[in-house]
Novice: 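Please read through the structure below; I'll follow up with questions.
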Amino acid sequence: MPKAVIDVNVRYLDQDLREEYLRNLSLSDYLYQEPPTGLPRLIERDYVKPEFFDWAFSKIEEAGFDPKEVDLRYASIDVRLDPIRESGPPLSFPFMINSAFTYNGLNIHGPFVAGHQAGISMVQSLSEVKYARFNLPPHLDGVFTSDHQTSVIAHSVNGIRTAPGVDGLIAALPDRGRDPEMFRKSNIARVLTGGHITDAAYDREPGTIWPGNPLRGVPFKITPEVYGGNAPLYANDFTYYSFFRPELHDELLRDARFLRLIDVIRRMGPSFKANRPNASEGLLFNPQRNMQFITELITRSAK
């Protein structure tokens with residue numbers, strides 16, 4: 001499997017630079033930032049708002065944690081991608097956004113991870129086996145293959161896990177309360193556990209390891225027992241994937257306080273939208289905008 005990602009940079013977002021983050025760029029300018037300075041294009045921008053941080057810190061405190069010790073931050077994950085065809089230049093842009101926090105002196109990224117990697121999994125070439133929701137335009141068929149898509153997702157996420165100063169990563173995927181065993185069969189879930197984006201189409205078992213994919217995520221759920229039997233709203237909507245080294249994984253997943261904290265942070269987005277609808281911009285991600293981005297990404301890279 002080709003490695004599509006040249007390198008990954010973790011850039012912590014500064015609330016004082018909010019106006020710079022929100023500036024509008026053409027898609028062409030966005031894809032060739034050197035170095036990237038804005039926000040990922042297809043994510044909610046609530047996470048750089050002072051109102052969001054004030055609200056988030058109050059919720060962390062209500063949950064029994066010290067906001068200063070938790071030190072909740074958000075980071076842009078900037079990537080450089082190899083051109084899909086040899087004649088094109090590398091692309092450089094903010095690829096996704098994730099939360100970061102401190103726990104017992106550890107700098108941990110996640111569990112919120114969002115951006116283009118989900119959209120990439122939704123598209124496919126006409127000539128490939130059916131596995132995604134949308135087809136690329138005929139003139140781009142065969143240009144952006146499932147191998148390439150798997151590499152972009154796997155190596156960008158792995159770039160967070162292995163970044164200097166990062167002690168571990170948790171990624172959470174919305175499963176809308178579906179059975180965890182069934183949700184393990186989704187495209188993104190298979191990639192996070194070491195597989196290939198087309199595994200479901202080929203009926204490969206979840207957890208199949210695909211050569212070239214460095215990810216080995218371990219899925220788990222936050223159970224009601226962590227909350228004494230009474231899980232809060234949205235608590236059952238996510239499956240989590242641990243990318244800790246084994247000894248740290250075992251230690252943290254036995255720690256109910258840690259599990260409650262990651263659950264609190266992961267529910268920040270939906271809770272903010274529900275509680276502060278006038279302050280929240282709501283979801284910016286939609287299929288039409290996603291396809292515009294993917295088409296431009298491929299067109300620019302394939303010239």
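Computed from a prediction, not measured in an experiment: that's the story for all the values here.
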Novice: Assess the side chains of S26 and D29: does a donor N or O sit below 3.5 Å from an acceptor N or O?
Specialist: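 There is such a pair (donor and acceptor under 3.5 Å, judged by atom type) between the side chains of S26 and D29.
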Novice: Kindly compute the distance separating NE2 (H196) from CG (D147), expressed to the nearest 0.5 Å.
Specialist: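 Here the interatomic distance stands at 4.0 Å.
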Novice: For I170 and Y241: C-alpha separation, side-chain torsions, deciding distance, then whether side-chain contact (heavy atoms from CB on, under 4.5 Å) applies.
Specialist: CA-CA 6 Å; I170 295 176; Y241 295 80; over 6 Å; no
Novice: Kindly say whether G105 contributes a backbone atom to a donor-acceptor pair with the side chain of T102 at under 3.5 angstrom?
Specialist: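 Side chain of T102 to backbone of G105, a donor-acceptor pair under 3.5 Å: no, none is there.
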Novice: Side chains of R80 and E34, heavy atoms from C-beta outward: is any pair under 4.5 Å?
Specialist: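 Yes; the side chains approach each other to less than 4.5 Å.
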Novice: Quick check: is Y227 connected to L252 through a chain of hydrophobic side chains (ILVMFWY, heavy atoms under 4.5 Å apart)?
Specialist: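 In one cluster: yes.
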Novice: Got a sec, which pairs hit side chain to side chain donor-acceptor pair (under 3.5 Å) with one end in residues 46-57, sequence neighbours left out?
Specialist: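 Sorted result for residues 46-57: D46-S280.
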Novice: So, for A274 and P277, which heavy atoms are closest and what is the spacing to 0.1 Å?
Specialist: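 Reported closest heavy-atom pair: O-CD, 3.8 Å.
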Novice: Are side-chain N/O atoms of D199 and Y131 paired as donor and acceptor at under 3.5 Å?
Specialist: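 Note: D199 and Y131 side chains miss the donor-acceptor criterion.
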Novice: Would you check if the side chain of S125 reaches a backbone N or O of G142 as a donor-acceptor pair within less than 3.5 Å?
Specialist: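 Yes; judged by distance alone, with no hydrogens or angles, the pair exists.
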Novice: Do K59 and M268 pass the side-chain contact (heavy atoms from CB on, under 4.5 Å) test, and can you show the C-alpha distance, the side-chain angles, and the key distance before you say yes or no?
Specialist: CA-CA 8 Å; K59 291 299 178 184; M268 288 292 184; 4.1 Å; yes
Novice: Taking the side chain as C-beta and beyond, is there a heavy-atom pair between R190 and P206 under 4.5 Å?
Specialist: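 Yes. Closest side-chain heavy atoms under 4.5 Å.
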Novice: Taking the inter-plane angle between the rings of F101 and F258 on a 0 to 90° scale, is it parallel (under 30°), tilted (30 to 60°) or perpendicular (over 60°)?
Specialist: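 The arrangement is tilted - the two ring planes meet at 30° to 60°.
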Novice: Any side-chain to backbone donor/acceptor pair from N158 onto A154? Under 3.5 Å, distance only.
Specialist: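 No.
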Novice: Can R11 and S76 be counted as having a side-chain donor-acceptor contact under 3.5 angstrom?
Specialist: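 Yes, side-chain donor-acceptor contact under 3.5 Å.
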Novice: If hydrophobic clusters are built by linking Ile, Leu, Val, Met, Phe, Trp and Tyr wherever their side-chain heavy atoms come under 4.5 Å apart, do V218 and Y103 end up in the same one?
Specialist: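 No, separate clusters.
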Novice: Within the side chain of Q149, is there an N or O that forms a donor-acceptor pair under 3.5 Å with the backbone of V123?
Specialist: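 Yes, Q149 side chain to V123 backbone: donor-acceptor pair under 3.5 Å.
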Novice: Please name the pair of heavy atoms, one in P94 and one in D78, separated by the smallest distance, quoted to 0.1 Å.
Specialist: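 For P94 and D78, the tightest heavy-atom pair comes out as CA-OD1, 3.4 Å.
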Novice: Which atom pair, heavy atoms only, marks the closest approach of D167 to L248?
Specialist: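 Looking at all heavy atoms of both residues, the shortest contact is O-CD2, 3.9 Å.
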Novice: Compute the centroid of each ring, for H109 and then for Y74, and state whether the two points are separated by less than 6.0 Å.
Specialist: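 Centroid distance H109-Y74: not below 6.0 Å, so no.
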Novice: Report yes or no: is the cationic atom of R73 (NZ for Lys, CZ for Arg) closer than 6.0 Å to the six-membered ring centre of Y12, at no more than 45° off its axis?
Specialist: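 Verdict for Y12: a cation-pi partner in R73.
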Novice: Does any part of the side chain of T198, heavy atoms only, come nearer than 4.5 Å to the side chain of Q124, both counted from C-beta?
Specialist: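 Sidechains of T198 and Q124: no contact.
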Novice: May I ask you to test the S92-Y32 pair for a side-chain heavy-atom distance under 4.5 Å?
Specialist: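 SC-SC contact between S92 and Y32 ruled out.
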Novice: Using a 4.5 Å cut-off on heavy atoms from C-beta on, say whether the side chain of F220 contacts that of T239.
Specialist: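 No; the side chains remain at least 4.5 Å from each other.
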Novice: Same hydrophobic cluster for M122 and I294, using side-chain heavy-atom links shorter than 4.5 Å among ILVMFWY?
Specialist: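 Yes, M122 and I294 fall within the same hydrophobic cluster.
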Novice: Going from CD1 on I197 to CG on N187, what distance comes out if it is rounded to the nearest 0.5 angstrom?
Specialist: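 So the gap between those two atoms works out to 5.5 Å.
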Novice: Please find the pair of heavy atoms, one from A163 and one from V10, that lie closest to each other, and give the distance.
Specialist: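 Distance-wise, the nearest heavy atoms are CB-CG2, 3.7 Å.
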Novice: Rounded to the nearest 0.5 Å, what separates atom CG in L31 from atom CD in E296?
Specialist: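 These two atoms lie 6.0 Å from each other.
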Novice: Tell me whether R245 is salt-bridged to E247, with the criterion being a basic N under 4.0 Å from an acidic carboxylate O.
Specialist: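 Looking at R245 and E247, the cut-off is met.
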Novice: Verify whether one side chain among T37 and R23 offers a donor that lies under 3.5 Å from an acceptor in the other.
Specialist: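 Side chains of T37 and R23: pair found under 3.5 Å.
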Novice: State, to 0.1 Å, how close L192 and L215 come at their nearest heavy-atom pair, and which atoms those are.
Specialist: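 Heavy-atom minimum between the residues: O-CB, 3.6 Å.
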Novice: Does R204 offer a backbone N or O that forms a donor-acceptor pair with the side chain of T208 under 3.5 Å?
Specialist: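 No, the answer is negative, given that no donor and acceptor are paired below the 3.5 Å cut-off.
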Novice: Atom CG in L27, atom OG1 in T295: separation rounded to 0.5 Å?
Specialist: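 Here the rounded value is 9.5 Å.
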Novice: Using a 4.5 Å cut-off on heavy atoms from C-beta on, say whether the side chain of I6 contacts that of L81.
Specialist: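 Heavy-atom side-chain distance check fails, nothing below 4.5 Å.
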Novice: Verify, without hydrogens or angle tests, whether E128 (side chain) and S146 (backbone) share a donor-acceptor contact under 3.5 angstrom.
Specialist: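 Here the side-chain-to-backbone pair exists.
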Novice: F243 vs R216, test: side-chain contact (heavy atoms from CB on, under 4.5 Å). Steps then yes/no.
Specialist: CA-CA 7 Å; F243 297 94; R216 300 293 183 267; 6.0 Å; no
Novice: If two hydrophobic side chains count as joined below 4.5 Å and joins carry through other members, does V48 share a cluster with L17?
Specialist: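 Hydrophobic grouping puts V48 with L17.
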Novice: Both conditions, 6.0 Å and 45 degrees, for the charged tip of R41 above the ring of F93: are they met here?
Specialist: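 No cation-pi geometry.
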Novice: Any side-chain heavy atom of T193 sitting closer than 4.5 Å to one from P219?
Specialist: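 In short, these two side chains touch, coming nearer than 4.5 Å.
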Novice: Please round to the nearest 0.5 Å and tell me the distance separating atom NZ of K68 and atom CZ of F57.
Specialist: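 Going from the NZ atom of K68 to the CZ atom of F57 covers 10.5 Å.
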Novice: Would you say that V191 contacts V157 through its side chain, given a criterion of any heavy-atom pair below 4.5 Å between the two side chains?
Specialist: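 Of all side-chain heavy-atom pairs linking V157 with V191, none is under 4.5 Å.
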Novice: So which atom in S156 and which in M96 form the shortest heavy-atom distance, rounded to 0.1 Å?
Specialist: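 Result for this residue pair: OG-CE, 3.6 Å.
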Novice: Determine, using the 4.5 Å side-chain heavy-atom cutoff (strictly less than), whether F112 and L106 are members of one ILVMFWY cluster.
Specialist: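 Yes, F112 and L106 fall within the same hydrophobic cluster.
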Novice: Take E61 and D66 through the test side-chain contact (heavy atoms from CB on, under 4.5 Å) and record every step on the way to the result.
Specialist: CA-CA 6 Å; E61 194 166 27; D66 182 345; over 6 Å; no
Novice: Would you compute the distance between atom OH of Y30 and atom CG of L25 and round it to the nearest 0.5 angstrom?
Specialist: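 One gets 9.0 Å once the value is rounded to the nearest 0.5 Å.
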Novice: Can you tell whether the side chains of R267 and D263 come within less than 4.0 Å, N to carboxylate O?
Specialist: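 Looking at R267 and D263, the cut-off is met.
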Novice: Answer with yes or no whether the side chains of H155 and N213 bring together a donor and an acceptor at under 3.5 Å.
Specialist: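 Short answer, no.
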